[in-house]
Amino acid sequence: MADATVKTGTHEDAPFPLTEVDKWVLSLTDDEYQYHDWEDMKKIIAENNLSVLKRKPSDLRRYMKWTAETKAEYGSMTNYLLNNRLPRTWGSPPFKPASTTPFDDPSDYRVLINDWPYGLTANLTHIVVWSRTAIETDPETGDMTPESRSNVANFVKRFFVDRLGPDGDDRVLWFKNWVALQSVRALEHIHIIVRDVEKEILDEWTKELDCHRLLN
């Protein structure tokens with residue numbers, strides 16, 4: 001049965017900028033929605049066509065509602081994340097990272113399952129890696145610089161791909177949204193999509209480390 005709630009309401013008061021794809025998704029029911037599968041994600045990321053990424057209609061509406069309520073309670077998404085999801089050792093912006101190279105020092109990044117993933121098929125998992133070290137972007141395009149892209153690619157290989165063994169290259173994708181597409185712009189993060197990864201490995205990747213905890 002279609003979710004009857006997803007065609008109600010308007011997007012004029014959205015708590016973050018909606019893309020044209022978001023606006024189109026809000027006109028659909030969940031039954032009309034087509035999930036992103038692995039081949040689709042590979043194509044989107046290879047073409048850097050990130051604006052077509054979308055959430056399931058009911059999930060997008062819930063995300064909009066939750067974002068509005070969270071901003072009302074905490075003042076900003078950054079405050080919510082720093083209080084509830086990210087290491088207390090980071091303090092408040094501007095951060096003082098242990099390394100100026102993104103993802104070089106474990107204390108400077110936190111790996112979490114995305115609370116609000118894109119609308120993916122069930123065998124895919126959406127992970128976000130948050131960084132207190134700045135990831136350099138081109139001020140004109142909002143996309144990563146070649147050096148930043150190389151640094152992130154090296155991190156993804158050693159942290160995710162190598163852990164999955166010989167076929168790891170075909171089970172891990174990554175991207176960083178252009179600045180214009182980010183719903184949380186004040187905190188650096190990259191997106192990881194993994195295929196057919198068991199819960200034990202996901203738990204290993206996302207466990208809190210001692211370097212993330214404040215000393216008593």
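One is the number of the first residue; the rest follow in order along the sequence. The shown structure was predicted, so the numbers you read here are calculated from the model rather than taken from an experiment.
Under the 4.5 Å side-chain heavy-atom criterion for grouping Ile, Leu, Val, Met, Phe, Trp and Tyr, I44 is not connected to M144 through any hydrophobic cluster. V172 and L50 fall into different hydrophobic clusters, where Ile, Leu, Val, Met, Phe, Trp and Tyr residues are linked whenever their side-chain heavy atoms come under 4.5 Å apart, directly or through other members. Note: the hydrophobic cluster containing I193 does not contain W205 (ILVMFWY, side chain heavy atoms under 4.5 Å, direct or indirect links). In terms of hydrophobic clustering, with Ile, Leu, Val, Met, Phe, Trp and Tyr side chains grouped at heavy-atom distances under 4.5 Å, V52 and M41 are assigned to a common cluster. No continuous path of hydrophobic side-chain contacts links V156 to L112 [ILVMFWY only; heavy atoms under 4.5 Å].
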Practice item. With side chain to side chain contact (heavy atoms under 4.5 Å, CB included) as the test, would you mind laying out the steps for K42 and W38 before giving the verdict? Key: CA-CA 6 Å; K42 284 173 65 176; W38 185 248; 3.3 Å; yes
Review point. Can I135 and F103 be said to form a side chain to side chain contact (heavy atoms under 4.5 Å, CB included), step by step?
Key: CA-CA 9 Å; I135 302 172; F103 310 111; 3.8 Å; yes
Exercise for review: Show the numbers, then the answer: is there a side chain to side chain contact (heavy atoms under 4.5 Å, CB included) between V197 and T125?
Suggested key: CA-CA 8 Å; V197 175; T125 303; 5.6 Å; no
Practice item. Let me see the working for Y80 and K71 under side chain to side chain contact (heavy atoms under 4.5 Å, CB included), right down to the final yes or no. Key: CA-CA 8 Å; Y80 166 79; K71 285 184 175 180; over 6 Å; no
Point to revise | Audit row: F155, Y109, ring pair (Phe, Tyr, Trp, His ring centres under 6.0 Å) steps and yes/no | key: CA-CA 11 Å; F155 163 72; Y109 60 86; 4.9 Å; yes
**Study point:** Test side-chain hydrogen bond (donor to acceptor under 3.5 Å, both in side chains) applied to T29 and D31, step by step
**Key:** CA-CA 5 Å; T29 66; D31 283 350; 5.3 Å; no
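What you find for K54 and Y33 is that their closest heavy atoms are O-OH, 3.2 Å. The minimum heavy-atom distance linking S58 with D30 is given by the pair OG-OD2, 2.5 Å. Residues P17 and D22 come closest through the heavy atom pair O-OD2, 4.3 Å. The two residues L120 and Y35 make their nearest non-hydrogen contact at O-CD2, 3.4 Å. The shortest heavy-atom contact between S99 and D104 is OG-OD2, 3.1 Å. Between T19 and S51 the shortest heavy-atom distance is OG1-O, 4.2 Å.
Applying the ring-ring contact (aromatic ring centres under 6.0 Å, His included) test to W116 and every residue at least two apart in sequence or in another chain returns Y63, W66. The salt bridge (Lys or Arg N to Asp or Glu O under 4.0 Å) test applied to K96 returns no partner, not counting sequence neighbours. Partners of K43 under the salt bridge (Lys or Arg N to Asp or Glu O under 4.0 Å) rule, at least two apart in sequence or in another chain, are E47.
With contacts defined as side-chain heavy-atom distances shorter than 4.5 Å, the pair R132/S107 qualifies. When side chains are defined from C-beta on, W130 counts as touching W90, because their heavy atoms get closer than 4.5 Å. D170 is listed as a side-chain neighbour of R195, based on a closest heavy-atom distance under 4.5 Å. Put simply, the side chain of K176 reaches to within 4.5 Å of the side chain of E188, judged on heavy atoms. Side-chain contact between L18 and M64: present, with at least one pair of heavy atoms (C-beta onward) separated by less than 4.5 Å. With contacts defined as side-chain heavy-atom distances shorter than 4.5 Å, the pair R213/T89 does not qualify. With a 4.5 Å cut-off on side-chain heavy atoms, T133 and D105 do not count as touching.
At least one donor-acceptor pair closer than 3.5 Å links the side chain of N79 to the backbone N or O of Y74. Side chain of D108 to main chain of A98: a donor-acceptor pair is present (N/O by atom type, distance under 3.5 Å, no hydrogens or angles). The backbone N or O of V194 sits nowhere less than 3.5 Å from a side-chain atom of R171 that would complete a donor-acceptor pair.
Applying the side-chain contact (heavy atoms from CB on, under 4.5 Å) test between V111 and each of T206, V128, I192 identifies T206 as the sole match. For the side-chain contact (heavy atoms from CB on, under 4.5 Å) with D203, the qualifying choice from K199, K207, E200 is K199, the only one to do so. Partner of F175 under the side-chain contact (heavy atoms from CB on, under 4.5 Å) criterion, out of L53, N48, I190: L53 alone.
In this structure, L164 CG and F159 CZ are separated by 11.0 Å, a value rounded to the nearest 0.5 Å. In this structure, the separation between CD on E208 and CG on L86 is 11.0 Å, given to the nearest 0.5 Å. In this structure, N154 CG and K157 NZ are separated by 9.0 Å, a value rounded to the nearest 0.5 Å. Rounding to the nearest 0.5 angstrom, the gap separating the CZ atom in R62 from the NZ atom in K56 is 6.0 Å. Taken from NE2 in H126 to CZ in R55, the straight-line distance is 7.5 Å, to the nearest 0.5 Å. Once rounded to the nearest 0.5 Å, the distance linking CG of D143 with CG of D138 reads 8.0 Å.
Within 6.0 Å of CD in Q34 there are 12 or fewer heavy atoms belonging to other residues, nucleotides or ligands.
Between H191 and Y118, the angle of the ring planes lies from 30° to 60°, which puts this pair in the tilted group.
Using modelled atom types, one finds no donor on one side chain facing an acceptor on the other under 3.5 Å when comparing T121 with D37.
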